[in-house]
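Structure, as structure tokens:
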Amino acid sequence: MASLPLPIPAITSPHASKPHDAPVPAPRPAASSVHAVLASLSQHAHAHDDALHDAFALVARAEGQPSPAAAVSVGPEVYASLLQCCVAAGSLRAGRQVHAALVKRGPYYSRNAYVGTKLAVFYARCGALADAERAFEALPERDRNAFAWAAVIGLWSRAGLHARALDGFAAMLGAGVPADNFVVPTVLKACAGLGLFRAGRAVHGYAWKAGIAECVYVMSSLVDFYGKCGQVEDARGVFDAMPERTVVSWNSMLMAYIHNSRIDEAVELFYEMRVEGVLPTRVSVVSLLSASAELEAVDEGRQGHAVAVSSGLEIDVILGSSMINFYCKVGLVEAAEAVFEQMEERDIVTWNLMIAGYFQDGQVDKAFDACRRMLETNLKFDCVTLASIIMACVKSCSMMVGTAAHGYAVRNDLDSDRAVACGLIDLYASTGRIEHARRVFNAMSQRDLVLWKVMISTYADRGMSSEALKLLDHMQLEGMSPTAACWDSVISAFLRNGQFEDALEVFKQMLLTRTRPNLRTWSLLISGLSKTGMHQEFTKVAC
DNA sequence: GTGCGAGTAC
């Protein structure tokens, strides 16, 4: 934003400081009209610097009067309106200056409840977490209304601080402030983020009792919440019951289907939406593209692209990336490339998608060329880039590049990422350097089930059955419960080595840990033991 | 005030 000639907290206006520039001084606005004009400006200020500029000038002129009466007439509510203008224009810098002016004017201004609320909301909307918290905490408890609570809880939930958002919600209710339709959507977002289905359902019940369950914002959030919790039918139930729908309601339902792998229904809903005359937004198209990518539905995805173009949607970094993802998934790498080259802005995700697309298509040179171009734009590789480079090295057995990637990972603290570590384990194991692979595994401070499984099957796949078993025991000593897939790996290693009794012994242990054998386990054992004359033992164990 | 894109394995 261009530098604003902000006169606040100065008492003089820019005109007053250079009187020769303003031969005809602007008349002082009638005190009563300042507030009304600001309110109207804030409505139209949407990111228009001009409106913000006018608002500041107006206050400056009103403030610039030497008479005490004029100063009093510029009351706290004027500053609140000014903050509203800053919110509308999205200017953190301008709002900070208003804050400074308030402090300078004294406690009558800075401790005003209305202004304090606006200040907290202003900082929250600008995403200034610490400032918003401070402004909120500065409000006396009795002045914290639903509006202020909603602003700060929403800020936490948007920042991904879900637990904090829920604590805030509990505190809000504890303080006797009833929840309204503004705070409920952000609380539902926090519940979905934490996977707290029961809590979210309780919020739904609360919304009913509070009479806000029919609000379109609340209902759209409920659709989203139920979808994220895997309750597609509940999501659809809310969606069908909506007295009115916005495009966000449709998009939430679309995503509910997609997140739950009900892609056909998502595609159908997209068409239904068009039939209803609802104009798709970027989010709708992104959803359709994501469904098409997963389904490898070439026609639908292409249509998504066409809809985006015909609707005049700006192909921003997210929409463009979704297109690249779709085209790469269906093997139309050239189409992905065309989108990629046309994009004005690309971020790390865009680059990673294009790089992975080239690698998967076997266009290794282009992939590395894209890596180089990416570094030239001052972006660094992240764990996704590296995982995809390492994967390509495993495929092509390029130990040299793989080792370089390992070095890059270590230097940039990316070697603790699971996908990178799994890739490296594979890389070293594929060239027989099992001890290198083990070193990568040992260096991981956080080992999840997948990592254990990878290391165990690395041993198992190479017939190192006792090493695999040792690791399986080790895993349990560390308090992890091996999945059926881990047990399968070890059992199959013993079977392949002809160590049938050991295989059966491992199977016994598996049953003791109450891990349910899956189809693979059974077929492994049945075909492995069928020729050994060990049916009886097997039957005894199995039954 | 509600909705969005990436990794072989979860």
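Fair warning: this is a prediction, and the values are worked out from it, not measured in the lab.
Across the protein-nucleic acid pair, A/D180 atom CG and B/dT2 atom P stand 13 Å apart, rounded to whole Å. At whole-Å resolution of the value, CG in A/L254 and P in B/dG3 are 15 Å apart. Rounded to whole Å, atom C1' of B/dG5 lies 11 Å from atom CE of A/M255. A/Q360 places its CD atom 8 Å from the P atom of B/dG7, with the value rounded to the nearest Å. Taking atom CG on A/N251 and atom P on B/dT2, their separation rounds to 14 Å, with Å as the unit. Straight-line distance from the CE atom of A/M374 to the P atom of B/dA6: 16 Å, rounded to whole Å.
A distance of 8.0 Å separates CG in A/L386 from CG in A/N412, rounded to the nearest 0.5 Å.
Judged by atom type and distance alone, A/T350 reaches the base of B/dG5 through a side-chain donor-acceptor pair under 3.5 Å. Side-chain N/O atoms of A/S252 and base N/O atoms of B/dG3 include no donor-acceptor pair closer than 3.5 Å. Between the side chain of A/D417 and the base of B/dG7 there is at least one donor-acceptor pair of N/O atoms closer than 3.5 Å. For A/S221 and B/dT2, a side-chain-to-base donor-acceptor distance below 3.5 Å is absent, hydrogens and geometry of angles not being considered. The base of B/dG7 does not come close enough to the side chain of A/T385 for any donor and acceptor atom to sit less than 3.5 Å apart.
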Show, in sequence, the C-alpha distance, side-chain angles and deciding distance for A/E265 and A/R236, and conclude whether the side chain to side chain contact (heavy atoms under 4.5 Å, CB included) test is met. CA-CA 11 Å; A/E265 282 149 296; A/R236 185 69 206 221; over 6 Å; no
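Nucleic acid contact for A/T281: base, since at least one base atom lies under 4.0 Å from a heavy atom of the residue. Among the heavy atoms of the strands, none lies under 4.0 Å from A/V223. Using a 4.0 Å heavy-atom distance criterion, A/L353 is classed as a sugar-phosphate-only contact. Residue-level contact check: A/D448 touches neither bases nor backbone, having no heavy atom under 4.0 Å from any strand. Residue-level contact check: A/V317 touches the bases, meaning some heavy atom is under 4.0 Å from a base atom. Residue A/S388 is out of contact with every strand shown, counting any heavy-atom pair closer than 4.0 Å. Nucleic acid contact class of A/R125 (heavy atoms, under 4.0 Å, all strands): sugar-phosphate only. As judged by a 4.0 angstrom heavy-atom cut-off over every strand, A/A150 is placed among residues making no nucleic acid contact.
Of the residues in residues 329-345 of chain A, those with a non-hydrogen atom less than 4.0 angstrom from any atom of DNA chain B are A/K329.
Under 3.5 Å, the side chains of A/S322 and A/N325 contain no donor-acceptor pair of N or O atoms. Side-chain contact, A/S249 with A/T246: a donor N or O sits under 3.5 Å from an acceptor N or O.
Here the two rings, on A/F169 and A/W149, have centers that are 6.0 Å apart or farther.
For the pair A/K228 and B/dC4, the criterion of a side-chain N or O lying under 4.0 Å from OP1 or OP2 is met. Between A/R282 and B/dG5 there is no side-chain polar atom (N or O) within less than 4.0 angstrom of OP1 or OP2. The side chain of A/R158 contributes an N or O atom lying less than 4.0 Å from OP1 or OP2 of B/dT2.
Using a 30° and 60° split on the angle between ring planes, A/F147 and A/F182 fall in the perpendicular class, above 60°.
Side chains of A/V187 and A/S157 form no contact here, defined as non-hydrogen atoms less than 4.5 Å apart. Annotation: side chain of A/L471 is in contact with side chain of A/F441 (closest heavy-atom distance under 4.5 Å).
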